[in-house]
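If you read the sequence from its start, that first residue is 1, and numbering goes on from there. Excluded from the calculations below are hydrogen atoms, water molecules and symmetry mates; all remaining heavy atoms, backbone and side chain alike, are included.
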Amino acid sequence: QVQLVESGGGLVQAGGSLRLSCAASGGGFSGYDMGWFRRAPGKEREFVAAISRSGVLTYYGDSAKGRFTISRDNAKNTVSLQMNSLKPEDTAVYSCAAGHFVRIYDSPSQYPYWGQGTQVTVSS
């Protein structure tokens, strides 16, 4: 079973950047597809980005396209989310997740393993 721990969240001004990291332990990281989701107060969990086991395929939610980049390093058991041009509406708790997807990559149900999340706050 894989364990996930996120880091890199914080407070940033609108237009700024943050890089989130998710460190995996417990073995088998390279065998998992990985995703990033976020949840803002009072809102449902939202898909942000996903990356396939090999790192070849990447997918983005509408709010992330053109601003965020997901990447992974299977040698270091990490997945990252580079977030640029941040907006106040990006404020949320960001969580990484591990699972296996074939065609559906944006549903939380595809990911049985989750980190505890890291808070991102974007001030206007």
Side-chain angles (χ1 to χ4, degrees):
Q1 180 172 333
V2 64
Q3 291 86 44
L4 305 172
V5 178
E6 302 93 338
S7 62
L11 174 64
V12 64
Q13 288 188 331
S17 299
L18 278 176
R19 185 177 181 86
L20 306 183
S21 293
C22 174
S25 60
F29 175 75
S30 61
Y32 290 100
D33 302 312
M34 299 297 296
W36 283 97
F37 290 78
R38 68 186 186 186
R39 177 172 280 169
K43 295 187 177 181
E44 292 190 356
R45 183 175 285 163
E46 177 187 7
F47 169 73
V48 177
I51 188 166
S52 64
R53 277 158 274 182
S54 65
V56 170
L57 300 175
T58 58
Y59 307 93
Y60 295 92
D62 288 342
S63 62
K65 289 177 181 176
R67 299 188 299 130
F68 296 0
T69 302
I70 189 171
S71 61
R72 68 187 296 161
D73 186 336
N74 285 343
K76 296 182 178 180
N77 293 343
T78 60
V79 60
S80 298
L81 184 69
Q82 178 66 42
M83 304 188 297
N84 298 328
S85 303
L86 284 162
K87 306 174 183 179
E89 51 263 45
D90 293 318
T91 295
V93 175
Y94 286 71
S95 299
C96 67
H100 300 99
F101 57 73
V102 178
R103 283 189 291 270
I104 301 173
Y105 49 81
D106 57 354
S107 170
S109 65
Q110 299 300 111
Y111 303 87
Y113 306 109
W114 291 79
Q116 82 289 348
T118 185
Q119 176 71 47
V120 172
T121 303
V122 184
S123 63
S124 57

I need the full list of salt bridge (charged side-chain N to carboxylate O under 4.0 Å, His left out) pairs touching residues 99-119, with sequence neighbours left out, sorted by first then second residue. none
Scan for salt bridge (charged side-chain N to carboxylate O under 4.0 Å, His left out) pairs involving residues 15-31, sequence neighbours excluded, and state none if there are none. none
Decide yes or no for [X] and [Y]: does some side-chain heavy atom of the first lie under 4.5 Å from some side-chain heavy atom of the second?
| X | Y | value |
| --- | --- | --- |
| Tyr32 | His100 | yes |
| Cys96 | Phe37 | no |
| Gln119 | Thr91 | yes |
| Val120 | Leu18 | yes |
| Met34 | Tyr111 | no |

For [X] versus [Y], what's the shortest heavy-atom pair and its separation?
| X | Y | value |
| --- | --- | --- |
| Ala98 | Pro112 | O-CD, 3.2 Å |
| Val2 | Ala24 | CG2-CB, 3.8 Å |
| Thr78 | Ala23 | CG2-CA, 4.3 Å |

side-chain contact (heavy atoms from CB on, under 4.5 Å) involving [X] - partner list, sequence neighbours excluded:
| X | value |
| --- | --- |
| Glu44 | none |
| Ala49 | Tyr60, Ile70, Leu81 |
| Pro88 | Ala14, Val122, Ser124 |
| Gln3 | Gln1, Ser25 |

Quick check: does any side chain N or O of Thr121 sit under 3.5 Å from a backbone N or O of Leu11, one acting as donor and the other as acceptor? no
Give a yes or no answer on whether the side chain of Glu6 reaches the backbone of Thr118 with a donor-acceptor pair at less than 3.5 Å. no
Any link between Val93 and Val79 through a network of hydrophobic side chains (Ile, Leu, Val, Met, Phe, Trp, Tyr) touching at under 4.5 Å? no
With [X], which residues qualify under side chain to side chain donor-acceptor pair (under 3.5 Å), at least two apart?
| X | result |
| --- | --- |
| Ser107 | Ser109 |
| Arg67 | Asp90 |
| Arg53 | Asp33 |
| Arg72 | Asn74 |

Not counting sequence neighbours, which residues clear ring pair (Phe, Tyr, Trp, His ring centres under 6.0 Å) with Phe29? List them please. none
Ring pair (Phe, Tyr, Trp, His ring centres under 6.0 Å) with Tyr105: which residues, sequence neighbours excluded? Phe47, Tyr59
Tell me whether the count of non-hydrogen atoms from other residues, nucleotides or ligands lying under 6.0 Å of CD in Gln116 goes above 12. yes
Close aromatic pair by centroid cut-off 6.0 Å: Trp36 and Phe68: no
Rounded to the nearest 0.5 Å, what separation is found between the CG atom of Leu20 and the OG atom of Ser80? 8.5 Å
Establish, from distance only, whether the side-chain atoms of Arg38 and Ser63 form a donor-acceptor pair under 3.5 Å. yes
When you compare the side chains of Asn84 and Ser17, does any donor N or O come within less than 3.5 Å of an acceptor on the partner? yes
What do the steps show when you test Tyr94 against Met83 for side-chain contact (heavy atoms from CB on, under 4.5 Å), and what is the final call? CA-CA 11 Å; Tyr94 286 71; Met83 304 188 297; 3.8 Å; yes
